[in-house]
Amino acid sequence: MRAVQVVRLDGPGALEVGEVEEPKAGDDQVLIDVEAAGVVFPDLLLSRGEYQMKPELPFVLGNEVAGTVREAPADSGFSAGDRVAALPVIGGFAPTVASHTETVFPLPDAVSFDIGAGLPMNYLTAHFVLETRSHLAAGETVLVHGAAGGVGIACIQFAKARGATVIAVVSSEGKGEVATAAGADHWIPVEGFKDAAKELTGGRGVDVVVDPVGGDRFTDSLRSLGDDGRLAVVGFTAGEIPTVKVNRLLLNNIAVVGAGWGAYASKRPGFMRRQWDAMLDDIASGRLAPPISATYPLAEASSAVGELAERRVTGKVVVHPRA
């Protein structure tokens, strides 16, 4: 079959489409015919050799997919023909992929394969960040950095589905419009976001800050929190890993929590499926649905991953392995 391979660790431009052997499912794997593959930040890191997992070259890229089950173990709960989303981690930019039963999820009939391919990584992350780690409650206010990106949009939609007010922090008016379309109640520019957030909350401050960016905005994120506020550290797309002087945590009894979903879930069998099931009604209703910003055929997968490298993505980029 034709698939997108990482043949050298030089980034998106080094991806090549070539012929590979079709995968065979192991005893604990589901074989999936892929209709759509989502592009995520780890795909970019894998293409550069910067991800924590370092597969032997060459390997087929592609973290998350949606499609139909070709075959599945008898005790997996899946049968041939079932519509599913999955997180194979690698191998998804191909017409067929094998994914561990732990990382395969039922996809409601009303949800398109393109939407389904954009759900697993970002929306399971959003659930983990806001519910498991930040204990978000209805009526609270959430400030989301990087709000027009994949994780940002997922956090906006998840917070709204749980009855929160959302303030989106973005770098441009266009991205503000993307965040608003995703459900944010307000958008504010990065420059001066602390004061803007305080004004929007009547000086009280926000209850939760979601920060996948890091860098020099971290201190002002802490200052944006009200009493009992929580700042969830999701990642460092800005590159710089910030530090915190712990005396700041005492002032308003605030907390900084790490939110490393992958490491947490990998140690807890069944956790990802419980997360998915908790969101299934919102997925089926469309309350949780990534906006699709671009689709690419398999032959142009390098351009799809390149959109992430160039920080041009607002929404979800999808590769169609059968196109």
Side-chain angles (χ1 to χ4, degrees), residues 1-21 23 34-67 85-97 99 113-122 125 146 148-154 171-172 174-175 178 212-215 234-240 262 290-323:
M1 64 178 185
R2 293 172 71 246
V4 177
Q5 290 184 291
V6 178
V7 296
R8 59 186 187 279
L9 301 177
D10 290 335
L15 301 182
E16 294 184 3
V17 178
E19 292 290 327
V20 301
E21 289 294 320
V34 180
E35 298 295 337
V39 181
V40 293
F41 195 63
D43 292 321
L44 175 61
L45 297 179
L46 280 162
S47 75
R48 295 171 170 169
E50 296 173 353
Y51 198 53
Q52 58 260 38
M53 181 182 71
K54 301 187 184 299
E56 184 178 346
L57 294 173
F59 63 90
V60 177
L61 198 62
N63 265 265
E64 59 180 1
V65 302
L87 270 172
V89 183
I90 59 172
F93 291 176
T96 305
V97 69
S99 192
F113 288 124
D114 281 6
I115 295 293
L119 288 168
M121 181 164 286
N122 290 338
T125 296
V151 171
I153 288 172
S171 59
S172 69
K175 290 184 176 181
V178 170
V213 180
V234 183
F236 313 103
T237 58
E240 180 186 347
I292 306 302
S293 61
T295 60
Y296 289 85
L298 192 70
E300 297 177 20
S302 62
S303 297
V305 179
E307 285 208 29
L308 268 69
E310 296 165 15
R311 297 182 179 273
R312 292 189 286 111
V313 176
T314 54
K316 191 70 183 180
V317 177
V318 173
V319 171
H320 290 155
R322 298 177 179 274

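Note that this is a predicted model, so its numbers are computed, not measured. The figures here come from the full heavy-atom set of this structure, side chains too, leaving out hydrogens, waters and symmetry mates. Quick note: residue numbers are just sequence positions, from 1.
- Formation of a donor-acceptor pair under 3.5 Å by the E35 side chain with backbone atoms of F113 is not found in this model.
- With a 4.5 Å cut-off on side-chain heavy atoms, M121 and P42 count as touching.
- Atoms OH and CG, on Y51 and N63 in that order, are 6.0 Å from each other to the nearest 0.5 Å.
- Rounded to the nearest 0.5 angstrom, E300 CD and T295 OG1 are separated by 9.5 Å.
- H320 NE2 to L298 CG: the interatomic distance, rounded to the nearest 0.5 Å, is 11.5 Å.
- Inter-residue side-chain proximity for F59 and L46 is flagged as met; some heavy-atom pair is nearer than 4.5 Å.
- When side chains are defined from C-beta on, P290 does not count as touching N122, because their heavy atoms never get closer than 4.5 Å.
- In terms of heavy atoms, L57 sits closest to R8 at CD1-CA, 4.1 Å.
- Remark: the backbone N or O of P95 is paired with a side-chain donor or acceptor of R322 at under 3.5 angstrom.
- Screening I90, D43, V39 for a side-chain contact (heavy atoms from CB on, under 4.5 Å) with L61, the sole residue that qualifies is D43.
- With a 4.5 Å cut-off on side-chain heavy atoms, V305 and F93 count as touching.
- Pairing each heavy atom of A117 with each of K316, the nearest pair is O-CE, 4.2 Å.
- In this structure, V97 and P23 approach most closely via the heavy-atom pair CA-CG, 3.9 Å.
- Closest of all the heavy-atom pairs between G306 and P12 is N-CB, 3.8 Å.
- Distance check: K54 NZ to L9 CG gives 8.0 Å after rounding to the nearest 0.5 Å.
- Of all heavy-atom pairs spanning A14 and V7, the tightest one is O-CG2, 3.3 Å.
- Residues Q52 and L45 have side chains not in contact (no heavy-atom distance under 4.5 Å, counting atoms from C-beta outward).
- Between G92 and V60 the shortest heavy-atom distance is N-CG1, 4.5 Å.
- For the atom pair CZ of R2 and CD of E19, the computed distance is 7.0 Å after rounding to the nearest 0.5 Å.
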